[in-house]
Amino acid sequence: MEHSSAKNGTLDLSKHSFDDGKIIPLDGEWEFYWEEFISPGDISDPKFKSKKKIVTVPSVWTESFSKDTEASGHGYATYRLKIKLGERKQALALKIPDLGTSYILYANGKKIASVGSLGKSGSESKAKYELKISLVPDSENLELVLHVSNFQNRWGGVWNSIQLGEWENVLENVRKRRDLEWALVLIAATMSFYNVFFYFFRRNESAHLLFAFHCFLIMIRSLTNGDSRLAYEFLQGISWELPNRLEYISVYASGPTLYAFLNRYCKTDFWRRFGQYFCLPYYLAVFIVLFFPNTYYTLTLLPIALYMPLVTMPIWLVLLAIGLKRRIEGGLILFAGYVVISLCTLNDIMLFFGFWKGVYLIQYGEVALILGYSILISKIFSEAFRRSDTLGTKMKSLVFSTREIMQSSSYDKAADTALKILHENGKEQTVYVYLEEPNSSVWKRYSISSLGDLETVEVYKYDVQDLLGLEPSSLAEPIVQNNRLILSVQDEQLYKLIFDLPFERYSDDSQVDWVRGIADALAFSVRNIARQDREKLAIIGELSAEIVHDLGHPIAMIRQNLRNLGSQKGKSKTNLLFQAEKEVDALTNLTLDILDFSKNRIILDLQTVDIKTYFKEIFEDLGTFFQSTKMKLVSKINAKGSIRLDPLRIRRLIFNLAKNAAEATDEKGIFSIRIEKEENVAYLIFEDNGEGFSKDMEKYIFDSGFGSKKPYGTGLGLSIIRKIVSAHGGEILVSSEEGKGTRFTILLRS
């Protein structure tokens with residue numbers, strides 16, 4: 001049955017048997033004696049009758065009690081309540097919560113509980129937080145006399161309900177609440193350590209560190225608040241004010257920490273720009289709690305209690321609602337957790353202002369937030385594993401897709417392949433690929449028509465900007481514009497490549513990564529096609545240079561023979577015509593080499609020749625060649641027998657070396673040739689006293705394009721020489737020294 005509250009200092013519980021297990025709060029009107037410590041035996045003395053007042057319990061002392069307006073909660077007083085009890089089966093006990101001060105409680109004249117040091121001044125009194133459970137005398141009538149003093153805390157008095165019930169029920173109630181408070185502490189501590197370790201493994205996600213700190217503050221609040229005030233129990237002798245300050249700090253600092261955490265998951269431009277300003281009152285309150293006495297820092301509770309539900313809580317409710325609309329990952333879980341903790345905070349604020357009676361719920365709201373965060377983490381991990389599996393499958397397909405893209409022979413073919421891959425399962429969707437070459441204002445926009453054909457449209461740069469709704473050069477990261485995903489691959493040396501796709505089909509991170517892979521493959525293919533085009537042009541240029549280079553030898557010889565032809569008669573004229581015919585044969589051989597070069601191979605016309613006869617004719621022709629220069633030719637044949645070779649190509653090789661030597665040697669130069677043979681190997685040794693080159697350059701001289709500033713002209717002649725020697729299965733050795741000349745040794749096997 002419901003019990004009545006105390007009236008005029010008396011509470012009638014005579015009809016309450018306590019069999020229902022309830023614990024009765026002794027609330028209502030108590031007798032009150034300001035600035036008096038009256039012993040239980042003297043409280044009925046007529047001399048105290050004039051000081052008797054009736055006050056409501058629970059309540060705090062107000063300014064009407066104290067003459068000192070700056071310390072209205074400071075002072076001391078006596079409370080009395082008379083209780084009428086009925087029959088009961090078990091002993092009764094009182095549950096006396098912490099009063100934030102010092103007191104002594106008497107029951108029927110017997111002292112049954114005390115906390116702190118009672119006194120009539122600040123030097124005598126010492127406050128303490130402590131929960132007490134005390135047995136009451138077994139009597140039909142119970143008189144409670146309570147002496148209370150407070151000179152430390154801003155609020156004094158009996159501000160929490162004293163409760164009466166059967167001993168076992170009171171113990172069970174305290175035990176349950178104590179276990180629950182320890183559970184809250186352990187949950188908060190576990191989540192705090194968990195998120196700290198999480199942060200060390202994922203340093204780029206500061207949200208974990210912020211939530212770890214938030215959980216740490218929840219743990220501090222759970223230790224310093226609640227029925228048991230657990231911090232005071234296992235830290236015996238701790239200063240009363242230190243945990244009291246920590247309680248305030250845990251409340252004020254948890255606001256900015258929570259909002260910073262929420263902003264990491266639900267990023268908003270509004271909070272990025274103005275969030276620190278909205279958190280300033282919390283920072284200021286923490287500063288006051290740290291550096292000002294209890295008289296002042298307790299004044300921050302009322303403004304913060306109003307600021308929180310009227311300003312920051314509604315703002316974040318709106319921001320999270322916007323996040324839900326944007327479909328941020330885990331937005332619904334965050335929103336639900338925030339609603340729960342907001343409702344619990346509102347409940348506690350209403351209790352603080354006395355709008356209703358009940359229990360403080362903030363810790364339970366924090367647990368709901370922790371639970372929501374745990375679900376969020378689990379969901380994120382689950383989604384991450386799912387995306388990983390999806391991405392793995394897509395990456396496998398990406399390997400085949402990129403291979404197909406990179407095998408494309410033209411830009412149009414590469415774009416067509418990439419677009420058809422993006423059109424998954426033939427589903428119709430509008431996907432565009434924009435491609436721009438450097439130093440050009442013209443772009444190509446590729447798309448797939450409804451018939452499945454590639455459509456190509458040329459657009460100008462400013463048209464691209466209008467079509468995309470942004471400046472192409474500003475695309476550093478993928479962005480969402482007008483519900484379209486815009487993704488760019490930019491290469492300063494070659495091309496700008498932009499993908500324009502429907503965001504709803506590519507909103508998932510794994511989808512974006514897959515599209516990135518397609519874009520990178522297309523960019524690589526474009527670069528590869530451009531490189532191949534440049535290489536083809538380079539090959540054509542090299543071939544042309546070789547043709548021009550090698551045409552010079554026979555043309556020079558023919559020209560010289562023709563000059564000599566007019567001044568010669570008889571046999572000499574016949575010899576000159578024969579030499580001119582050989583040069584024509586050389587030109588014919590060159591045309592064959594050009595065909596071989598185009599096929600990347602040389603087909604030899606191998607013949608067995610007499611060494612002395614063959615090389616003697618070449619030396620005679622070289623003599624004619626050097627008539628147009630001031631170089632001296634020195635030749636010697638120290639070999640006999642025959643050798644198998646391609647006569648025209650070896651002749652071309654020798655003339656290449658001779659011409660290159662003439663280009664690299666001054667007017668007093670000497671070019672010597674020596675032919676030797678050892679067993680089945682013929683040695684062709686060429687030496688000059690030209691500029692020479694360093695050891696570091698030796699490995700480059702046979703490369704096509706070896707610069708004209710280097711020895712032996714353009715270097716194309718040397719490239720041809722190596723090809724001819726390699727075709728014969730021979731070797732070519734080079735030895736040179738800067739300023740002293742160069743020697744080439746060619747080994748040909750019979």
Side-chain angles (χ1 to χ4, degrees), residues 398 400-507 511-541:
L398 185 61
F400 298 101
S401 301
T402 53
R403 183 185 303 168
E404 187 177 356
I405 293 171
M406 288 187 288
Q407 287 176 346
S408 302
S409 57
S410 66
Y411 303 145
D412 290 356
K413 178 62 176 176
D416 182 53
T417 304
L419 285 168
K420 286 179 178 177
I421 292 170
L422 291 171
H423 282 246
E424 297 176 328
N425 301 322
K427 294 181 180 178
E428 188 174 329
Q429 54 180 315
T430 308
V431 179
Y432 296 107
V433 172
Y434 295 84
L435 180 62
E436 180 206 35
E437 294 189 16
N439 304 319
S440 173
S441 61
V442 178
W443 291 63
K444 281 189 176 181
R445 187 182 77 171
Y446 298 98
S447 61
I448 299 294
S449 69
S450 58
L451 299 176
D453 299 325
L454 181 69
E455 291 186 344
T456 306
V457 179
E458 288 191 351
V459 293
Y460 289 97
K461 182 177 181 180
Y462 54 82
D463 293 325
V464 175
Q465 185 171 341
D466 292 340
L467 290 167
L468 295 176
L470 48 81
E471 171 60 39
S473 60
S474 66
L475 284 169
E477 294 291 335
I479 66 170
V480 178
Q481 181 84 3
N482 299 326
N483 207 32
R484 304 281 295 177
L485 175 66
I486 313 296
L487 185 147
S488 173
V489 179
Q490 298 191 25
D491 188 327
E492 295 179 357
Q493 297 178 350
L494 291 176
Y495 295 82
K496 290 188 179 72
L497 182 67
I498 298 176
F499 277 31
D500 178 10
L501 314 100
F503 176 66
E504 63 271 11
R505 292 191 59 81
Y506 299 98
S507 57
Q511 292 280 357
V512 174
D513 291 337
W514 182 68
V515 173
R516 274 180 180 270
I518 298 293
D520 289 337
L522 180 55
F524 183 86
S525 180
V526 167
R527 287 193 294 268
N528 190 45
I529 292 169
R531 179 183 59 80
Q532 290 176 359
D533 289 345
R534 290 195 303 271
E535 287 178 353
K536 289 176 183 177
L537 291 174
I539 291 171
I540 293 172

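None of the values given here were measured: they were computed from a predicted structure.
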**OP:** Return yes if a side-chain donor-acceptor contact under 3.5 Å exists between Y446 and D416, otherwise no.
**Re:** no
**OP:** Working to the nearest 0.5 Å, report the span between OG of S447 and CG of L454.
**Re:** 7.0 Å
Original post:
Pick from L485, D500, I448, L501: which one makes a side chain to side chain contact (heavy atoms under 4.5 Å, CB included) with V431?
Top reply: L501
Original post:
Measuring from L468:CG to I498:CD1, what's the distance to the nearest 0.5 Å?
Top reply: 5.5 Å
**OP:** Applying side chain to side chain contact (heavy atoms under 4.5 Å, CB included) between L522 and each of T417, L497, L435, report the one that passes.
**Re:** L497
Original post:
Which heavy-atom pair separates A519 from F499 by the least distance, and what is that distance?
Top reply: CA-CZ, 3.7 Å
Subject >> Nearest atoms (heavy-atom pairs only) where R484 meets P502 >> reply: NH1-N, 3.5 Å
Subject >> For the student: nearest non-hydrogen atoms of Y434 and W443, plus distance >> reply: CB-CE3, 3.6 Å
